[in-house]
Amino acid sequence: MFDRLGDLASERAELERALADPGVHADPEQARALAKRYAELTPIVNAFREWQQAGEDEATALELAPEDQAFAAEAAELAARRAELEDRLRTLLVPKDPNDERDTILEVKAGEGGEESALFAADLLRMYLRYAERHGWKTEVIDSTPTGLGGIKDATVAVKTGRGGTGAWSRLKYEGGVHRVQRVPVTESQGRIHTSAAGVLVLPEADPVDVQINDNDIKVDVFRSSGPGGQSVNTTDSAVRITHLPSGIVVSCQNEKSQLQNKEQALRVLRARLLAQAEADADAKAAAERKAQVRTVDRSERIRTYNFPENRISDHRVGYKAYNLDQVIDGELDAVIDALAAADLAAKLAERERSEPAAR
């Protein structure tokens, strides 16, 4: 595993020299790319240097141990430190998701269960909005279709990280799938517990330069925006539906007041879906056998259950269970997502171990 660390240290030194050259900063895109790579390599190289130094100090302590037992104790401490650093380096060397720093498009859709499902979808939407608020992320509701009792048929939200924060995608990517709820609906007169579901789709937001859409590849339809009960929101045909002809993807938006604004928002969602589709196709070709990892793309799988009578949250992918549903539904999702991220990392580490030669 450590064979390439020397090469990474050399690469970081070259990047440091390049970033010190004023000429490099004449090209802002190149300078950003070099700075990003430098930032990625810095914790790896620092840990590598510390690991090397601990090894040298351990060797010295072992040489002096026969003369003084204090050095033997020091050597043991240094060996333990080296082992810790090796574990840290294994984690740092796991390839990162290239989308982790991206903003996110999140869609929530009511599923089985009628009005109760729509109410649950609204609860999920509020949960994610509050979670974003806790992290200091900005949210923008791109489109939503409310129901008469305060639920939502579907909603699309953009989540923006802002400068210096953890990328929204790095956390929210684990939320995609079918979410199931067990509770007594407000529409239930007999007090019986019902089970219904809502779907969540999470996409990394694509920049226009990442996904270019040809005008000849899309069909744009306009229609009148409508609200709960079919009541007209606007008196003009401002809502927009875009069909991407090559892929068959359909996106609609009606939240904005003008047709042009709705078209721009719909294109924004379409770019995210096309990027996700392209990456899913590439992943399927390159890693069809990687079934043991935490699955974040299989949208048909019921990933989580929210049991209100028992105040229990259960994530079925990693066996996570806790009895603080009231806090989770209020946006305290970090413990759940931490468990998923840890399982994802463990799977990647195991795959790396399998792919490396037995002898290091």
Practice task
Over all heavy atoms of both residues, which pair between I105 and A272 is shortest? Give the atoms and the distance, please.
Solution key: CG1-CB, 3.8 Å
Handout entry: N-O pairing of R37 and E11 below 4.0 Å
Key = yes
Fill in the blank from the handout: Exactly one of L129, D103, V159 clears side chain to side chain contact (heavy atoms under 4.5 Å, CB included) with W137, and that residue is V159
Problem - Lys/Arg N to Asp/Glu carboxylate O, R81 vs E58, below 4.0 Å - result: no
Practice task
Kindly indicate whether a cation-pi arrangement holds for R241 with F223, taking the cut-offs as under 6.0 Å to the six-membered ring centre and within 45° of the axis.
Solution key: yes
Problem - Short side-chain to backbone donor-acceptor contact, H316 and R302, under 3.5 Å - result: no
Problem - Distance-only polar pair, side chains of T145 and D154, donor-acceptor under 3.5 Å - result: yes
Problem - Pair R49-N46, side-chain donor/acceptor within less than 3.5 Å - result: no
Problem - Intermediate values then yes/no, side-chain contact (heavy atoms from CB on, under 4.5 Å), S252 and I242 - result: CA-CA 6 Å; S252 61; I242 297 179; over 6 Å; no
Exercise for the section: Kindly indicate whether the side chain of L15, heavy atoms from C-beta on, has any atom under 4.5 Å from the side chain of L41. Expected result: yes
Exercise for the section: Determine whether V184 and R192 make a side-chain contact, defined as any pair of heavy atoms from C-beta on separated by less than 4.5 Å. Expected result: no
Handout entry: E140 and K160 ion-paired at < 4.0 Å
Key = no
Practice task
Take D315 and K321 through the salt bridge (Lys or Arg N to Asp or Glu O under 4.0 Å) test and state the conclusion after the steps.
Solution key: CA-CA 7 Å; D315 195 288; K321 186 181 294 184; over 6 Å; no
Practice task
Could you tell me whether a side-chain N or O of N262 sits under 3.5 Å from a main-chain N or O of E256, the two making a donor and an acceptor?
Solution key: yes
Problem - Side-chain (N324) to main-chain (R312) donor-acceptor, under 3.5 angstrom - result: no
Handout entry: Polar contact flag, side-chain donor to acceptor under 3.5 angstrom, E86-W51
Key = yes
Problem - R180 and Y306 side chains, donor-acceptor separation under 3.5 Å - result: no
Exercise for the section: Kindly indicate whether the side chain of V181, heavy atoms from C-beta on, has any atom under 4.5 Å from the side chain of T195. Expected result: no
Exercise for the section: Report whether V141 and L106 are members of the same hydrophobic cluster (ILVMFWY, side-chain heavy atoms less than 4.5 Å apart, transitive linking). Expected result: yes
Handout entry: Test: K153 and E115 ion pair at under 4.0 Å
Key = no
Exercise for the section: Return the minimal non-hydrogen interatomic distance between L203 and A276, and the atom names on each side. Expected result: CD2-CB, 3.4 Å
Handout entry: Heavy-atom closest pair, residues G151 and L119
Key = N-CD2, 3.7 Å
Exercise for the section: Mind checking the CG-CZ spacing from L5 to R12? Nearest 0.5 Å is all I need. Expected result: 13.0 Å
Exercise for the section: Take I152 and T147 through the test side-chain contact (heavy atoms from CB on, under 4.5 Å) and record every step on the way to the result. Expected result: CA-CA 5 Å; I152 57 167; T147 64; 5.9 Å; no
Practice task
With side-chain contact (heavy atoms from CB on, under 4.5 Å) as the test, would you mind laying out the steps for Q277 and S247 before giving the verdict?
Solution key: CA-CA 9 Å; Q277 184 182 71; S247 67; 3.7 Å; yes
Handout entry: Validation row: D97, S170 side chains within 4.5 angstrom (heavy atoms)
Key = no
Exercise for the section: For the pair N307 (side chain) and E310 (backbone), establish whether a donor and an acceptor sit closer than 3.5 Å, ignoring hydrogens and angles. Expected result: yes
Problem - Side-chain touch V222/K263, heavy atoms, less than 4.5 angstrom - result: no
Problem - Salt-bridge present (D344, K348; N to O < 4.0 Å) - result: yes
Handout entry: Test item: side-chain donor near acceptor, Q53 and D57, under 3.5 Å
Key = yes
Exercise for the section: Assess the side chains of S258 and Q261: does a donor N or O sit below 3.5 Å from an acceptor N or O? Expected result: yes
Exercise for the section: Could you tell me whether the side chain of T243 reaches within less than 4.5 Å of the side chain of V220, counting heavy atoms only? Expected result: no
Problem - Whether N99 side chain and P204 backbone form a donor-acceptor pair below 3.5 Å - result: no
Fill in the blank from the handout: All heavy atoms of V24 vs all of A31, minimum pair found to be O-CB, 4.1 Å
Exercise for the section: Verify the cluster assignment for V94 and V45: are they in a single hydrophobic cluster under the rule of side-chain heavy atoms below 4.5 Å apart? Expected result: no
Handout entry: Rounded distance (nearest 0.5 Å) linking atom CE of M127 with atom CD1 of I329
Key = 5.0 Å
Handout entry: D330 bridged to R126 by N-O distance under 4.0 Å
Key = no
Exercise for the section: In sequence, state the C-alpha distance, the side-chain angles, and the governing distance for K173 and D100, and then conclude on side-chain contact (heavy atoms from CB on, under 4.5 Å). Expected result: CA-CA 9 Å; K173 64 183 176 183; D100 271 351; 2.9 Å; yes
Handout entry: T161 side chain vs A168 backbone, donor-acceptor pair below 3.5 Å
Key = yes
Handout entry: Path from L62 to L78 over hydrophobic side-chain contacts below 4.5 Å
Key = no
Practice task
Examine the side chains of D334 and Y131 and answer whether a donor and an acceptor come within less than 3.5 Å of each other.
Solution key: yes
Problem - Between CG on residue D143 and CG on residue N255, distance to nearest 0.5 Å - result: 5.0 Å
Problem - E175 with R304: basic N within carboxylate O range, under 4.0 Å - result: yes
Practice task
Group every Ile, Leu, Val, Met, Phe, Trp and Tyr by side-chain heavy-atom contacts under 4.5 Å, then state whether L89 and L349 land in the same group.
Solution key: no
Problem - Nearest atoms (heavy-atom pairs only) where N216 meets L245 - result: O-CD1, 4.1 Å
Problem - Value rounded to 0.5 Å, distance of OG1 in T60 from CD in E74 - result: 9.0 Å
Handout entry: salt_bridge(E107, R273) N-O dist < 4.0 Å
Key = yes
Practice task
I would like to know whether E205 and R268 meet salt bridge (Lys or Arg N to Asp or Glu O under 4.0 Å); could you show each step before the answer?
Solution key: CA-CA 8 Å; E205 182 160 7; R268 187 175 170 186; 2.6 Å; yes
Exercise for the section: State, yes or no, whether a side-chain contact exists between V336 and Y320 at a heavy-atom distance under 4.5 Å. Expected result: yes
Exercise for the section: Check V251 against A266 and note the closest heavy-atom contact, atom names and distance. Expected result: CG1-O, 3.6 Å
Problem - Other residues, nucleotides, ligands: >12 heavy atoms within 6.0 Å of E133 CD - result: no
Completion exercise
To the nearest 0.5 Å, atom CG of L172 lies from atom NE2 of H135 at 8.5 Å
Practice task
Report yes if the side chains of F120 and R183 come closer than 4.5 Å at any heavy-atom pair, otherwise no.
Solution key: yes
